[in-house]
Number of protein chains: 2
Amino acid sequence: MFYISLVLSLSAYPKIRPKQPYPMVNKTQHSSNCAACNCKASIFKNLSPLEIELINSSRFQVSYKAGEIIFKQGTPSPYFVCVTSGLAKIYIEGYGKNLILALIKPVDYIFGPGIYVDNRHYYSAAAVEDCTACLVDVTVFKKLIRENPDFAEEFIKRVSLQSIFNFDQVISLTQKQMHGRIADVIFYLSDKIYCQNPFEMTISRQDLADLSGMSKESAIRILKEFKEEGILTISSNTMEVLNTKQLRQISETG
Amino acid sequence: MFYISLVLSLSAYPKIRPKQPYPMVNKTQHSSNCAACNCKASIFKNLSPLEIELINSSRFQVSYKAGEIIFKQGTPSPYFVCVTSGLAKIYIEGYGKNLILALIKPVDYIFGPGIYVDNRHYYSAAAVEDCTACLVDVTVFKKLIRENPDFAEEFIKRVSLQSIFNFDQVISLTQKQMHGRIADVIFYLSDKIYCQNPFEMTISRQDLADLSGMSKESAIRILKEFKEEGILTISSNTMEVLNTKQLRQISETG
DNA sequence: TACACATATTGATATATGTCAATGAAGAAT
DNA sequence: ATTCTTCATTGACATATATCAATATGTGTA
């Protein structure tokens with residue numbers, strides 16, 4: 001499905017975050033100015049210095065520990081969330097299980113479709129690794145959409161890209177068997193999220209299952225088969241794809 | 001993902017189109033002016049008379065016979081398509097089978113996500129019943145998005161509504177069993193598309209299967225079970241839901 | 001160290017669902 | 001009418017996948 005949300009992943013994943021606990025900082029703290037920030041989401045590239053300052057003035061920073069919920073499906077949604085470090089997931093809470101729509105890494109944003117409808121979240125978001133994020137008031141965001149056509153166009157473009165990504169996702173979920181779906185998720189992780197080949201999977205097996213729309217046990221079994229066939233190795237959550245070509249073929253033959 | 005596309009369904013379905021063959025009119029023909037047209041898509045409500053005229057001047061009308069392809073996944077996409085009569089479907093051609101993302105009825109539009117990306121279609125569209133449609137040059141559409149913030153905001157709102165619809169669709173497809181999925185499709189047809197209770201199903205069983213992500217045979221079997229349980233009746237493609245409450249429960253229990 | 005707890009793994013089993021093949025029914029074309 | 005073609009229906013069967021239960025592994029804490 002279909003396609004899906006207003007989230008984008010365009011930048012490279014910098015470095016795997018060590019699992020050391022962060023100090024909890026949940027109070028508002030204006031850190032360095034947006035204009036000078038190297039964690040600025042690329043969607044803001046078309047904004048003037050004045051407009052950046054507008055974003056900056058309504059912005060505040062929050063830290064989340066791994067596992068913490070960032071926002072919950074059904075709740076009101078007054079913020080544009082920009083993930084500046086760590087890894088988060090957005091997921092729909094369905095009938096007894098979750099479907100992960102995407103993983104969000106720095107510097108990407110989370111901006112649900114409810115904001116232009118009824119100001120509610122239509123999916124939940126949670127920190128997979130310890131995260132920091134900048135929150136921006138949506139009214140500022142909407143104001144800029146109205147006032148800056150380049151920004152509006154860029155936004156629509158990103159929404160469109162996300163739709164296209166989601167088309168592939170729905171087809172994978174509804175028309176491929178488990179092997180193909182797991183293959184797709186592995187490519188998503190290695191190419192789009194961790195962007196390395198031997199990569200440390202900071203997501204759980206349950207998350208892997210929620211990404212591929214199957215039970216945790218099934219996901220584990222497929223992984224085991226892939227190991228036995230020499231397609232990949234896993235040791236203590238570090239996965240390496242050994243036979244990309246074969247994995248690609250599994251993805252394509254469903 | 002469902003989650004998916006830039007299509008919207010807001011208006012009521014007027015009347016079931018009889019299956020008489022239309023005269024094929026595939027040449028350009030400017031019919032009556034947009035400004036006076038009662039088939040105007042509601043997304044245009046915020047446009048000034050001057051802007052409406054801009055749409056009108058770049059617009060032309062086409063007829064499609066049932067079964068004909070309107071456009072094909074992968075091809076370039078220079079038009080905004082507004083369905084003015086009949087019924088169309090948009091569908092992704094996946095691995096051996098299709099997934100219908102939505103049915104499009106008058107007066108709704110088809111406007112794929114590729115238009116702001118690489119100008120290609122990411123799904124196909126075909127006439128289910130005989131159709132007429134108005135095509136508008138996308139450059140005109142994009143120009144209006146840039147120049148009229150109300151129109152841009154309305155457009156984003158509709159894209160968002162579609163995303164939300166697609167969330168439900170993906171959850172239905174990936175987390176419900178066949179009975180629940182068929183129930184969802186029946187509600188979609190009776191509440192959103194035909195908008196009547198005894199309604200004539202102008203879509204085929206294959207379409208029904210492609211809407212619910214299962215094989216044609218399975219879809220037929222579930223329908224048969226529903227008939228046997230007295231939930232609905234079908235005679236010569238006229239379906240009537242007899243026990244809405246039970247059908248709703250089947251939808252919710254997956 | 002030992003315990004408690006969460007997460008990962010494995011096996012056995014039930015079942016939901018697709019595939020294949022055959023038959024029937026309804027139009028369209030001759 | 002009769003043939004032809006497409007679509008709908010039904011049954012038999014194979015299998016992909018979830019569920020349940022048991023065990024293992026790891027991780028933080030007292």
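Residue numbers begin at 1 in each chain, while the letters A, B, ... track the order of the sequences.
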If each end axis of the helix from C:dT1-D:dA30 to C:dT30-D:dA1 is fitted on five C1' pair positions, the angle between them, to 10 degrees, is 30°
Basic-acidic side-chain contact under 4.0 Å: B:D184, B:K176: yes
Return whichever of A:Q177 or A:E217 has its heavy-atom-nearest nucleotide of DNA chain D closer to the 5' end. A:Q177
Under 6.0 Å from the six-membered ring centre of A:Y188 and within 45° of its axis: does the NZ or CZ of A:K192 meet both? no
Distance test, side-chain N/O of B:K224 to OP1/OP2 of D:dG11, below 4.0 Å: yes
Using a strict heavy-atom distance below 4.0 Å, which residues from residues 229-236 of chain A are in contact with DNA chain D? none
Hey, does the side-chain of B:Q206 have a donor or acceptor N/O within less than 3.5 Å of a partner on the base of D:dC7? no
OP1 or OP2 of D:dT17 under 4.0 Å from side-chain N/O of A:R181: yes
Using modelled atom types and a 3.5 Å cut-off, is there a donor and acceptor pairing between side-chain atoms of A:E200 and backbone atoms of A:T238? no
Checking only heavy atoms, does the side chain of B:R221 share a donor-acceptor pair with the base of C:dT19 at less than 3.5 Å? yes
Between N or O atoms, less than 3.5 Å apart, protein on one side and nucleotides 28-30 of chain C on the other: list the pairs.
none

For B:S85 and B:T132, which I'm curious about, is there any donor-acceptor pair between the side chains at under 3.5 Å? yes
Establish, yes or no, whether a centroid distance under 6.0 Å links the rings of B:Y64 and B:F71. no
Testing A:L223, A:L208, A:T244 one by one against A:I186 for a side-chain contact (heavy atoms from CB on, under 4.5 Å), which residue passes? A:L223
Given D:dA18, is OP1 or OP2 found less than 4.0 Å from the side-chain N or O atoms of A:S218? yes
